[in-house]
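One structure below.
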Amino acid sequence: MHIDPLERKWVLVSLGMCALFVSIIMIDALFHGVNAPSNVETIDSRKIHLSEEFGEDNLGVQVAENGEITVRMVAGRYAFFPKEITIPAETKITFRWVSMDVLHGVHMPMTNMSTMIVPGYVSQVESSFPRPGEYPMLCNEYCGLGHDHMWSKVSVIDKEEWDASRAASKTVTSDTIDEEQNNE
Amino acid sequence: MNKISEEERQKILESPPVGTWILMLSVAGGMVAAWLFLYYGVFLSRGIIN
C-alpha cells in the first residue's frame, strides 16, 4: 500500500504526540501515584444509618491520632450530609462517600475531587487542596427532580489556621475536663 | 510568467518539504505546549488525586 511521504510524516508526528502524552501520564501514575480513584468496598446502602462508620454521629471531618484527615459523607436525594465541612489546605484528605439511595456523583469545581457514588459501594478519593477558599460540592449525576439543588459547602482554610483552631479546641476541651474534675 | 529550467524544476521537486515541516512542527509544538500547560499548570496544580 502506497502511503504518500508527507502523509507518513504527519501520521508519525501525530503518533509521536500521543506516545508522549501517554508516557507522561503513565510515569505520573506509576512513580507519583497520580491515578484515577479505584476502590472496591461494599456497604448496605439501606442500613447506612445503622453502620458504625457512617452513622450520623461519625459523619464529617475526623482527624486520626497520626494526623490523617478523613471526611465521611453521605449522599442522598437531595443533599450531602453534613452540609458544610471545613478542611485544611495543602493536606492529604481522604474522602469516603456512600449513597443512601440512588446513583450520585460529587464534584468540587476548581479542584480535582470528583467521583461517582454508587449505591452499595464506598467511594474513596484522596486529594489535597492547594488553595484556600470556599468551594461548592455539587452532585454531577442526575438523581431526580431536585438534582440541581443538591450541593454542600466546603471551606478550605490555611493550614496554620487549621492547626491553631485544633490547638484552641484541645485547650478548651482540657480546660473543661479540668473544671469538671475540680467540681467533683 | 518566468519559465524555470528543467534543472531548477527537478531541484524544487526533489528538495525536502521545508514549509510542510515548519507548519507540522509548529502545530505539533503548540498542541504539546497546550497539553503540558493544561496537565501540569491546571490539572496537577489543583492537587494530586488517587
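Quick caveat: nothing in here was measured; it's all calculated off a predicted structure. First the proteins, then the strands, lettered A, B, ... as listed; each starts at 1.
Note: B:Tyr40 OH to A:Asp28 CG = 4.5 Å, rounded to the nearest 0.5 Å. Distance check: B:Met24 CE to A:Leu12 CG gives 9.0 Å after rounding to the nearest 0.5 Å.
For A:Lys83, the NZ atom is densely surrounded, since the number of other residues' heavy atoms within 6.0 Å is greater than 12. Around atom CD of A:Glu56, no more than 12 heavy atoms belonging to other residues, nucleotides or ligands sit under 6.0 Å away. Around atom CG of A:Leu145, no more than 12 heavy atoms belonging to other residues, nucleotides or ligands sit under 6.0 Å away. Within a 6.0 Å sphere centred on CD of A:Glu52, other residues, nucleotides and ligands contribute 12 heavy atoms or fewer. More than 12 heavy-atom neighbours from other residues, nucleotides or ligands sit within 6.0 angstrom of CZ on A:Phe21.
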Could you walk me through whether B:Ser45 and A:Arg131 pass the side-chain contact (heavy atoms from CB on, under 4.5 Å) check?
CA-CA 9 Å; B:Ser45 70; A:Arg131 287 181 277 273; 4.0 Å; yes
For B:Val27 and A:Val13, run side-chain contact (heavy atoms from CB on, under 4.5 Å): C-alpha distance rounded to whole Å, both residues' side-chain angles, the deciding distance at 0.1 Å, then the answer.
CA-CA 10 Å; B:Val27 170; A:Val13 168; over 6 Å; no
Steps toward side-chain contact (heavy atoms from CB on, under 4.5 Å) verdict (A:Leu6, B:Trp21):
CA-CA 9 Å; A:Leu6 279 180; B:Trp21 275 117; over 6 Å; no
Output, in order, the C-alpha distance, side-chain angles, deciding distance and verdict of side-chain contact (heavy atoms from CB on, under 4.5 Å) for B:Ile49 and A:Glu126.
CA-CA 6 Å; B:Ile49 186 164; A:Glu126 292 175 3; over 6 Å; no
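Scanning both residues, B:Gly47 and A:Ser127, for their nearest heavy atoms gives O-OG, 4.3 Å.
With chain B as the partner, the residue from A:Thr94, A:Ile24, A:Leu20 showing the most heavy-atom pairs under 4.5 Å is A:Ile24.
Neither A:Met100 nor A:Val106 shares a network with the other; the hydrophobic side chains, linked directly or stepwise wherever heavy atoms of I, L, V, M, F, W or Y lie under 4.5 Å apart, form separate groups for each. When hydrophobic clusters are built by joining Ile, Leu, Val, Met, Phe, Trp and Tyr residues whose side-chain heavy atoms come closer than 4.5 Å, directly or via intermediates, A:Val98 is not grouped with A:Met150. If you chain together hydrophobic residues whose side chains sit under 4.5 Å apart, A:Met73 and A:Leu103 never meet in one group. Residues A:Val22 and B:Trp35 do not share a hydrophobic cluster, clusters being chains of Ile/Leu/Val/Met/Phe/Trp/Tyr side chains in contact below 4.5 Å.
Using a 4.5 Å cut-off between heavy atoms, A:Ser14 makes no contact with chain B at all. Of the atoms belonging to B:Tyr39, it is side-chain heavy atoms, and not backbone ones, that fall under 4.5 Å from chain A. When heavy atoms are compared at a cutoff of 4.5 Å, A:Met113 approaches chain B solely by way of its backbone atoms N, CA, C and O.
Not one N or O on the side chain of A:Asn112 forms a donor-acceptor pair closer than 3.5 Å with the backbone of B:Ile48.
Residues B:Thr20 and A:Lys9 are not in side-chain contact: their nearest non-hydrogen atoms beyond the backbone lie 4.5 Å or more apart.
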